[in-house]
Number of protein chains: 2
Amino acid sequence: MTTEQVEQVRRFNRTVAERVGVLHDHYLGGARPYGQARLLWQIGDEGTHDVRGVRARLGLDSGYVSRLLRALERDGLVAVEPHPEDRRVRTVRLTEAGRAERALLDDRSDALAASLLDPLDARQRDRLTAAMAEVERLLTASVVTVEVLDPDHPDAALCLRAYAAELQELFDTGFDPANSLLPDPGELRAPRGLFLVARLHGDPVGCAGLKLPTGAPAEIKRLWVSPGTRGLGLARRLLTELEERAARHGVELLRLDTNKALEAATRLYRSSGYTEVPAFNDEPYADHWFEKRLTQENRTRPQ
Amino acid sequence: MTTEQVEQVRRFNRTVAERVGVLHDHYLGGARPYGQARLLWQIGDEGTHDVRGVRARLGLDSGYVSRLLRALERDGLVAVEPHPEDRRVRTVRLTEAGRAERALLDDRSDALAASLLDPLDARQRDRLTAAMAEVERLLTASVVTVEVLDPDHPDAALCLRAYAAELQELFDTGFDPANSLLPDPGELRAPRGLFLVARLHGDPVGCAGLKLPTGAPAEIKRLWVSPGTRGLGLARRLLTELEERAARHGVELLRLDTNKALEAATRLYRSSGYTEVPAFNDEPYADHWFEKRLTQENRTRPQ
DNA sequence: GTCATTCTCTGACCTTAGTCAGGTAATGCC
DNA sequence: GGCATTACCTGACTAAGGTCAGAGAATGAC
């Protein structure tokens, strides 16, 4: 990355933090301490919630949450009651006044957003919101972490199930991993292979497997990205990371097969330097076969 | 503005605040309390600064700043000395250790920025920084305030001097307001006219005048935007605001003249619905004359 | 020289946002 | 029934970020 890019990011952080921060204090400052507001927000308009669940989602200390709840209770904004089935657990819900307070915070939040847009003309507003969407999208992409996981790890298994369920819907023939050439994801475990899982805020959102058979070219399997995170460039990132790791294992030729229903995947492979080749296996679910010769480039991530 | 736009801005605030906030704590948190860091930053690498100036720029309480300075002094990062000419005032400068500490904060800030870019590929980095630049630009534009000022107000006078100085450089013939058809900016004062000044963080960054002669069409004069804030759409905003105010004064026909050297201004007028007309005055500095018929539209700002 | 003003400093005080170490009641395990 | 565990609460404590009311010294206005 270049110095100008780093400078731009710093300038952005400064401007946005200052501008949004000042307005945040102005619009939301007088209302309610930040901790209480967060809690109010997390409890939500409807239904009751376990205190432990709320606490876990906000990542706060048990004593601290307890104190915040007492404060909200004193102001008549929440009602705390023991859980009907487990009286250690306590549940919390908003009262009428609590919902009103939450709506107030909501309105102020809207007012804050509107105050940013207000001085701009229609064209500038379109451009600002488009640029904000882009920043948000790419910052989200940059929080995603990728790591090697055992295919039996719950997060890995979750991805593999989601992958299978999606293909079952998508393929004309349906999809049953047991009928595929990779009935056992154990083949994606060292030393016979590896399995990558991408996570966003701890939740698994994508995966990719690499088969490293002795005496045969390596193969990419089970590349999947969750529907909610598509468009973040995650598939390409997983693919690139697999290529790097394959190269580090001395792999020179990478192969993969795919189904004609997976058009986005096929486009990704083509644009990543894979060329279509004749069928190199008899995978029943495959319509296209690709390969890519790895070069020195793949061994070091291009900066 | 639309609900989707407000929603987008709120989503942006949330995502960006969270993402940047968490990283901010991670990279800059351990180092030094935020208040001290701000002060260290504001004092700057070189030269001495009046304590009152620093305080004014940060908008902090005098007692609080005093305490922060004592803390920094204790750590040997700053040296505080009485002002040579006014011994009530105290001046502050960074010591060697202070400069080192500031450089450290600087490095951590860079590291924070880099950590946002790091997981992205080259194309994503380009897009992210471009979008950030756009957000920053438009947020800056949205902090600019526009208000009516007396042409004799120091901020107005500053703009008018900058305007004249710039034309003096730009025109083949030079520029002396005394030779222009508006020798006295007092004509831009109610009830004979009005004068708008745009400000960014309190500093004047643009102006525009309106002449409202009785029995003759109104005229736009002295439209200027400071070089540092060009590209924010400020000129168009000033022009639109003048049109609205003119319409409220019952003006139906707006006229203006301009010099051929002011190409950006000429483009602005054309794209804002002004049509070129024959010379309607004998302004010595004018090469082009424009007019625009105001309609009902101009009387209410289009949202 | 007097008096008001300016600039800085100090002490007293406050809220927020936490952390940590028990304590209590309910539940699950055997 | 006994014991460990779980969920929550309370009390004690901390750091940061500030506010407010003077005090003290220097300066400017007259």
Side-chain angles (χ1 to χ4, degrees), chain A residues 17-18 21-22 24-26 28-43 48-75 77-93 101 105, chain B residues 17-18 21-22 24-43 48-75 77-93 105:
Chain A
E18 192 196 315
V22 167
H24 189 272
D25 293 351
H26 182 255
L28 302 157
R32 196 155 279 280
Y34 185 56
Q36 289 183 30
R38 274 178 84 193
L39 205 53
L40 218 46
W41 198 263
Q42 187 60 241
I43 293 167
T48 58
H49 301 262
D50 291 3
V51 169
R52 67 179 161 187
V54 171
R55 195 171 54 220
R57 273 197 298 280
L58 292 176
L60 296 176
D61 176 83
S62 137
Y64 183 41
V65 168
S66 187
R67 231 175 291 280
L68 289 175
L69 280 176
R70 292 299 82 70
L72 291 175
E73 222 172 10
R74 244 193 337 271
D75 294 353
L77 303 181
V78 302
V80 180
E81 286 143 12
H83 193 284
E85 282 156 31
D86 182 344
R87 282 180 306 172
R88 291 171 304 181
V89 180
R90 306 196 70 188
T91 61
V92 59
R93 64 179 168 79
E101 182 78 11
L105 291 173
Chain B
E18 191 196 316
V22 168
H24 190 274
D25 292 351
H26 182 255
Y27 282 95
L28 302 156
R32 195 155 280 281
Y34 185 55
Q36 290 183 29
R38 274 178 84 193
L39 204 53
L40 217 46
W41 197 263
Q42 188 59 242
I43 292 167
T48 59
H49 302 261
D50 292 4
V51 169
R52 67 177 162 188
V54 171
R55 193 170 57 221
R57 273 197 298 279
L58 292 176
L60 297 176
D61 174 82
S62 136
Y64 183 41
V65 168
S66 188
R67 230 175 291 280
L68 289 176
L69 281 177
R70 291 300 81 70
L72 291 175
E73 221 171 10
R74 243 192 337 272
D75 294 352
L77 303 181
V78 303
V80 181
E81 287 142 12
H83 192 285
E85 281 155 32
D86 182 345
R87 280 180 307 171
R88 289 171 305 182
V89 181
R90 306 195 69 186
T91 61
V92 58
R93 63 180 168 77
L105 291 173

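Below, chain A is the first sequence line, B the second, and so on; all start at residue 1.
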Where the side chain of D61(B) meets the backbone of G63(B), is there a donor-acceptor pair that is under 3.5 Å apart?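 Answer holds: yes.
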
Is the backbone of E81(A) close enough, under 3.5 Å, to the side chain of T91(A) for a donor and an acceptor to pair up by distance?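 Looks like yes, one N/O pair under 3.5 Å.
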
[X] [atom1] to [N] [atom2]: how many Å, rounded?
| X | N | atom1 | atom2 | answer |
| --- | --- | --- | --- | --- |
| L69(A) | dA7(D) | CG | P | 16 Å |
| D86(B) | dA25(D) | CG | C1' | 11 Å |
| R70(A) | dT16(C) | CZ | P | 17 Å |
| E81(A) | dC9(D) | CD | P | 13 Å |
| H49(B) | dC7(C) | NE2 | P | 18 Å |
| H83(B) | dA25(D) | NE2 | C1' | 16 Å |
| L39(A) | dC8(D) | CG | P | 12 Å |
| E73(A) | dC9(D) | CD | C1' | 12 Å |

Have a look at V65(B) and say if it touches a base, only the backbone sugar-phosphate, or nothing, with a 4.0 Å heavy-atom cut-off.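 V65(B): no heavy atom of the nucleic acid under 4.0 Å.
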
Answer with base, sugar-phosphate or nothing: what part of the nucleic acid does R32(A) contact at a heavy-atom distance below 4.0 Å?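 Nothing, no nucleic acid heavy atom in range.
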
I'd like to check [X] versus [Y] (side-chain heavy atoms, cut-off strictly below 4.5 Å). Are they in contact?
| X | Y | value |
| --- | --- | --- |
| L60(B) | R38(B) | yes |
| R52(B) | H83(B) | no |
| L40(B) | L105(B) | yes |

Phosphate OP1/OP2 of [N] contacted by [X] side-chain N/O (<4.0 Å):
| X | N | result |
| --- | --- | --- |
| R87(A) | dT27(C) | yes |
| R90(B) | dC9(C) | yes |
| R55(B) | dT8(C) | yes |
| R52(B) | dC7(C) | yes |

What closest approach, in Å, do S62(A) and R55(A) show between heavy atoms, and which atom pair accounts for it?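 Looking at all heavy atoms of both residues, the closest pair is CA-CD, 3.3 Å.
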
Write down the protein N/O and nucleotide N/O pairs, taken from nucleotides 11-22 of chain D, whose separation is under 3.5 Å; answer none if there are no such pairs.
{"unit_1": "dG11(D)", "atom_1": "N7", "unit_2": "R67(A)", "atom_2": "NH1", "d": "3.4"}
{"unit_1": "dG11(D)", "atom_1": "N7", "unit_2": "R67(A)", "atom_2": "NH2", "d": "3.3"}
{"unit_1": "dG11(D)", "atom_1": "O6", "unit_2": "R67(A)", "atom_2": "NH2", "d": "2.6"}
{"unit_1": "dA12(D)", "atom_1": "N6", "unit_2": "R67(A)", "atom_2": "NH2", "d": "3.3"}
{"unit_1": "dG17(D)", "atom_1": "OP1", "unit_2": "Y34(B)", "atom_2": "N", "d": "3.3"}
{"unit_1": "dG17(D)", "atom_1": "OP2", "unit_2": "G35(B)", "atom_2": "N", "d": "3.4"}

Classify the side chain of R88(B) versus the base of dT6(C) as yes if they form a donor-acceptor pair under 3.5 Å and no if they do not.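 It does, because a donor-acceptor pair links the side chain of R88(B) to the base of dT6(C) below 3.5 Å.
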
Apply the side chain to side chain contact (heavy atoms under 4.5 Å, CB included) test between R90(B) and each candidate in V80(B), L69(B), T48(B), D50(B); give the one that qualifies.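 Among the candidates, only V80(B) passes.
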
